[in-house]
Amino acid sequence: MTNTPANEYVQSIIKGFEIDSDLLKKLTSKYIESMDNGLSHSSGGKSHLPMIPTFITKLPNGTEKTDILACDLGGTSFRCLYIKLKGNSKFTTEMKKWEIPSDYLAEEGADLPENAFFDYLANKIVSFVQYHNSNDENKDLLSTKKNFNLGFTFSYPVEQTALNAGNLIRWTKGFEIKSVVGKDIVELLQKSIDNKLNSVDPEKYPFTISCVALCNDTTGTLLSGAYTSTYDSQDIVDPIMSIICGTGFNIAYMEDLASCTKLTEEQVSTIKTKDVTEMCINTESGSFDNELSVLPVTQYDKIVDEESTNPGYHLFEKRISGMFLGEILRLVIVDLIQKEFLLEPKPSKKQYTHKFSLKTEVLSHVEIDDSKDLKQTELYLIESLGLRTTTEQRHYLQQITRAISRRSAYLVSVAISAIIIKSGRLDPKSSKYKYHQELEVCCDGSVVQYYPGYKSMIRHGLSLGSLGHEGERRVHISMALDGSGLGAGLAALTASK
Ligand code: BGC
């Protein structure tokens with residue numbers, strides 16, 4: 001590349017996204033400290049990770065055999081599932097999915113009353129169960145109303161107080177319904193379900209539904225990874241953590257109960273009666289270093305945060321997840337246009353000025369474009385932003401794209417390293433250490449699944465950072481099978497044990 005002002009400016013942008021080995025190690029130490037503090041402090045606040053106890057104290061082993069009902073609220077869709085566990089790590093599902101109407105999302109839904117959204121979800125759940133129940137061959141044999149236990153995956157930060165209770169700390173990703181913040185999510189859903197079931201002739205619905213488990217998608221992914229990986233497996237043991245890296249980002253893992261010092265005595269005594277030693281923790285990893293004491297900050301990160309629905313929070317997620325990677329690149333492009341290093345599109349083609357108009361999927365095409373003169377990139381930029389570019393400019397944008405995605409994957413590697421180190425898996429003196437044990441990390445989400453080279457970049461970050469090459473080679477990154485759907489069902493199952 002020639003040493004032009006444009007090239008110099010681009011290189012300075014790329015530098016801003018770089019994370020070297022020292023910074024990886026510093027971030028990992030800070031992450032461990034933040035986990036420790038989160039285990040002893042309440043889940044709100046900015047100075048530590050939320051580290052939310054989930055009240056899931058045992059992972060399934062694949063031999064579970066039963067039918068279960070589950071529902072899953074994702075970033076833009078809602079699903080109901082009827083799951084048949086076969087008892088051999090296999091399962092089948094009957095599923096229905098709805099896109100969430102925009103009335104409930106972002107600013108449009110901000111001022112809705114607390115029941116509005118849950119009434120919408122309850123309608124879907126009841127109609128799904130009714131449909132399923134009407135096809136149930138055994139229904140005529142039932143003299144009393146059949147009860148369906150429901151597991152609910154709700155992928156937002158919730159201060160859980162029991163397996164089936166928890167108050168919403170804040171919305172992340174696309175929702176903003178203010179009246180729900182601070183309220184018990186299970187109570188709201190159960191109320192809406194009961195109202196729906198009782199609103200008509202009691203004969204119409206010959207069943208009841210009880211929401212017995214609330215579950216984050218990462219918790220669900222850990223449960224589903226444990227159910228599907230065990231049976232028949234030769235060398236892979238239960239996953240030690242689960243990661244979601246899609247629209248949002250988060251991690252769950254099993255922690256020693258004795259380390260969860262923020263649990264109240266009463267909570268511990270009820271759990272202890274079941275003879276358990278561990279609990280699954282929803283780390284709410286997206287909230288790491290909200291104080292920005294170690295996390296690198298670019299001018300683009302600042303704008304992403306300011307324009308988000310939760311400024312000042314989930315700053316780690318805003319550097320990692322699919323919801324934000326495209327927006328970071330769009331803001332770089334806006335800057336390059338303002339500096340006149342890129343040509344401003346015609347007034348009729350101003351998509352580039354629209355927030356979140358550049359999807360992370362476009363970055364995944366630019367990342368691996370090896371066509372002559374980056375023709376593919378040219379087409380994607382015209383189509384998504386109305387932006388016309390020269391070959392040289394496209395090379396600049398490809399380098400920047402790669403810097404943004406590499407930073408994202410390296411930051412994920414920080415969280416993985418921290419959890420592995422903290423849990424003593426690589427420390428021969430720890431009881432968790434097992435000779436030659438592979439450390440399975442179970443993942444779900446569009447970025448980790450589809451972004452080209454993402455898993456390799458995570459591995460690179462692991463070996464460059466605190467795990468070093470020896471630690472990195474023991475990590476096995478696998479994909480979960482419908483973590484949030486199957487997982488919610490498995491969570492409901494733990495309630496009935
Ligand atoms: C939420 C988490 C969730 C993650 C992945 C984040 O924005 O706060 O609860 O697990 O997205 O869906």
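Scope of the values below: all heavy atoms of this structure, side chains included, with no hydrogens, waters or symmetry mates. Remember, it's 1-based here, ligands and their atoms both numbered in the order they're listed.
Interface atoms of ligand 1 facing I244, defined by a heavy-atom separation under 4.0 Å, are 5 (C), 12 (O). Taking a cut-off of under 4.0 Å to the non-hydrogen atoms of Y156, the atoms of ligand 1 that pass are 9 (O). Against a heavy-atom cut-off of under 4.0 Å, N216 is close to the following atoms of ligand 1: 2 (C), 3 (C), 9 (O), 10 (O). Counting the atoms of ligand 1 from 1 in the order shown, those under 4.0 Å from a heavy atom of N250 are 2 (C), 3 (C), 4 (C), 9 (O), 10 (O). Of all atoms in ligand 1, numbered sequentially from 1 with element shown, those under 4.0 Å from a heavy atom of P157 are 8 (O), 9 (O).
K46 has no carboxylate O lying under 4.0 Å from a charged side-chain N of E291, or vice versa, which leaves the two without a salt bridge. A salt bridge is absent between E327 and K318; no separation between the charged side-chain nitrogens and carboxylate oxygens falls under 4.0 Å.
Looking at atom 11 (O) of ligand 1, its nearest protein heavy atom turns out to be K173 NZ, 3.1 Å. Nearest non-hydrogen protein atom to atom 5 (C) of ligand 1 is D217 OD2, 3.3 Å.
Every residue meeting the ring-ring contact (aromatic ring centres under 6.0 Å, His included) condition with F288, not counting sequence neighbours, appears here in chain and number order: Y31, F316. Considering only residues two or more places apart in sequence or on other chains, Y380 meets the ring-ring contact (aromatic ring centres under 6.0 Å, His included) condition with H365.
With rounding to the nearest 0.5 Å, the separation of CD in E99 from OG in S77 is 5.5 Å.
Between T218 and ligand 1, a contact under 3.5 Å exists for no N or O pair.
Between Y156 and F175, the two ring planes are perpendicular [angle over 60°; tilted spans 30° to 60°].
Closest to atom 2 (C) of ligand 1 by heavy atom, among E284, E317, H314, is E284.
For an aromatic pair to be called close, the ring centres must be under 6.0 Å apart, and Y120 with F78 fails this.
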